[in-house]
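To start, the structure itself, in structure tokens.
Numbers restart at 1 for each chain; the letters A, B, ... are given by sequence-line order, proteins then strands.
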Protein chains: 2
Amino acid sequence: MSFVQHSIAVLRSRGYKVTKPRKEVLQAVERATVPVSPYDIGRMMERRGKHLDHVTIYRVLDLLCSLNLVHKVLSRGGFVKCGLLDRPGCHRFLVCRQCGELQEFSDEALCYQESQIARNLGFQPEHHLTESSGLCRRCR
Amino acid sequence: MSFVQHSIAVLRSRGYKVTKPRKEVLQAVERATVPVSPYDIGRMMERRGKHLDHVTIYRVLDLLCSLNLVHKVLSRGGFVKCGLLDRPGCHRFLVCRQCGELQEFSDEALCYQESQIARNLGFQPEHHLTESSGLCRRCR
DNA sequence: GTTGGTGCAAAGGATTTGCAACTTG
DNA sequence: CAAGTTGCAAATCCTTTGCACCAAC
């Protein structure tokens, strides 16, 4: 099942309406190869002769983030589709500092280790955010 | 040696001028207990009867970041003084989602493990950015 | 038909740039 | 005194809010 199809199913199952703007944002994120900002998405649509209000794009992205269908990449300030779909645990990124290409992964051992460190420092850990940067295979 | 003193020494040793605005931004960051934005710093100064142009604050923070004297906390969108000074390796954070309190640490084993994962996925790793969130001792 | 979603207008921040004037070493 | 910094003005971009209208279920 494709990313868009899966996302639509999740929307429906949670009681959210499956609207044209939501489908279009999903398709735009699907096509993107690097993290895209709300305005990037707006421009992508214009180039295809469509138009979406930027406020709508913001709101759709917020919703998709809250459902873990897309992620915000903080080091780049943009959004990407979730590439791990239902896989549990913290989703992490490798980001190419040259071309922006992104690879998503999750790793239980890492979560465990980070949680241990947090507890040792008096924290009760909840989430781990990791974005490693470097060079991807092609840019190396 | 205090954070401010250390930072001034680093500026000097790298050939940067030690100016009044730079010292004042350093002092503001020193006093902050949670990550602060450039405008936060501006307001902190006003409250003390001083004034700094926001553009200057942006530029000073950029410089201090590039020298690793302060860090940008992406999950909170603010800056903090570096609490590990010259300690090598990637600096990481625990951030309290309640009060914003922040603890900095570094961990060699974690760096190693993350690098391994990156290489297995075809990446040449350079930096690891980690910001775990949870509850600090007091907010728990 | 209802409820939730969207578009529009507008406001409020955040961030950047160019240039003249000033300060530090 | 020279080079590096700062302050100001202004432009640009990002993000959010309120409300009237519209579309999906």
How would you list, by chain and number, every residue that makes a side-chain hydrogen bond (donor to acceptor under 3.5 Å, both in side chains) with B/D40, sequence neighbours excluded?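 With neighbours one apart ignored, the set is B/S37, B/R43.
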Not counting sequence neighbours, which residues clear side-chain hydrogen bond (donor to acceptor under 3.5 Å, both in side chains) with B/R87? List them please.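 By the side-chain hydrogen bond (donor to acceptor under 3.5 Å, both in side chains) rule, B/R87 matches B/S106.
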Are B/L110 and B/L129 connected in the hydrophobic side-chain network, where two residues link if heavy atoms are under 4.5 Å apart?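 The answer is no; the residues belong to distinct hydrophobic clusters.
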Joint cluster assignment, B/Y112 & A/I117, ILVMFWY side-chain distance < 4.5 Å: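 The answer is no; the residues belong to distinct hydrophobic clusters.
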CZ/A/R48: more than 12 non-hydrogen atoms of other groups inside 6.0 Å: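 Atom CZ in A/R48 is not packed in, count stays at 12 or less.
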Considering residues at least two apart in sequence or located in another chain, which fulfil the salt bridge (charged side-chain N to carboxylate O under 4.0 Å, His left out) criterion with B/K23?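 Salt bridge (charged side-chain N to carboxylate O under 4.0 Å, His left out) list for B/K23, sorted by chain: empty.
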Just to verify, what does A/E46 make a salt bridge (charged side-chain N to carboxylate O under 4.0 Å, His left out) with, not counting sequence neighbours?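 For A/E46, no residue satisfies salt bridge (charged side-chain N to carboxylate O under 4.0 Å, His left out) once neighbours in sequence are set aside.
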Under 3.5 Å, N/O pairs linking protein and nucleotides 20-22 of chain D:
none

Which whole-number value in Å describes the distance from [X] [atom1] to [N] [atom2]?
{"X": "A/R14", "N": "C/dG4", "atom1": "CZ", "atom2": "P", "result": "17 Å"}
{"X": "B/L52", "N": "D/dT5", "atom1": "CG", "atom2": "C1'", "result": "12 Å"}
{"X": "B/K50", "N": "D/dT6", "atom1": "NZ", "atom2": "P", "result": "15 Å"}
{"X": "B/E46", "N": "D/dG7", "atom1": "CD", "atom2": "P", "result": "12 Å"}
{"X": "B/D53", "N": "D/dT5", "atom1": "CG", "atom2": "C1'", "result": "12 Å"}

Please write out which residues are connected to A/Y58 in a hydrophobic cluster, directly or through intermediates, given that two of Ile, Leu, Val, Met, Phe, Trp, Tyr count as joined at side-chain heavy-atom separations below 4.5 angstrom.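 A/Y58 shares its hydrophobic cluster with A/Y39.
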Protein proximity profile, nucleotides 16-25 of chain C - base contact B, sugar-phosphate-only contact S, no contact -, cut-off 4.0 Å on heavy atoms: BBB-----BS
Between the two ends of the helix from C/dG1-D/dC25 to C/dG25-D/dC1, what is the bend in degrees, rounded to 10 degrees, where each end axis spans five pairs?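 Answer for the end axes of this duplex: 50°.
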Please set out all donor-acceptor pairs under 3.5 angstrom arising from side-chain atoms of residues 70-84 of chain A, sequence neighbours excluded.
from: A/H71; atom 1: NE2; to: A/H91; atom 2: ND1; distance (Å): 3.2
from: A/H71; atom 1: NE2; to: A/E104; atom 2: OE2; distance (Å): 2.9
from: A/S75; atom 1: OG; to: A/E131; atom 2: OE1; distance (Å): 2.6
from: A/R76; atom 1: NH2; to: A/R97; atom 2: O; distance (Å): 3.4
from: A/K81; atom 1: NZ; to: A/E30; atom 2: OE1; distance (Å): 2.8

Contact list for DNA chain C against residues 21-43 of chain A - heavy-atom distance below 4.0 Å: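 Going residue by residue through residues 21-43 of chain A, the ones with a heavy atom under 4.0 Å of DNA chain C turn out to be A/P21, A/R22.
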Could you list the residues that satisfy side-chain contact (heavy atoms from CB on, under 4.5 Å) with A/S132, not counting sequence neighbours?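 For A/S132, the residues satisfying side-chain contact (heavy atoms from CB on, under 4.5 Å) (neighbours in sequence not counted) are A/L94, A/T130, B/E114, B/H128.
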Does A/S115 use its side chain to pair, donor to acceptor, with the backbone of A/C111 at less than 3.5 Å?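 Answer holds: yes.
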Pair A/R137 + A/E101: basic N to acidic O under 4.0 Å: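 Salt bridge absent between A/R137 and A/E101.
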Which side-chain N or O atoms in residues 1-16 of chain B pair as donor and acceptor under 3.5 Å with protein atoms at least two apart or in another chain?
from: B/S2; atom 1: OG; to: B/V4; atom 2: N; distance (Å): 3.3
from: B/S2; atom 1: OG; to: B/Q5; atom 2: N; distance (Å): 3.1
from: B/Q5; atom 1: OE1; to: B/S2; atom 2: N; distance (Å): 3.1
from: B/S7; atom 1: OG; to: B/F3; atom 2: O; distance (Å): 2.7
from: B/S13; atom 1: OG; to: B/A9; atom 2: O; distance (Å): 3.4
from: B/S13; atom 1: OG; to: B/V10; atom 2: O; distance (Å): 2.9

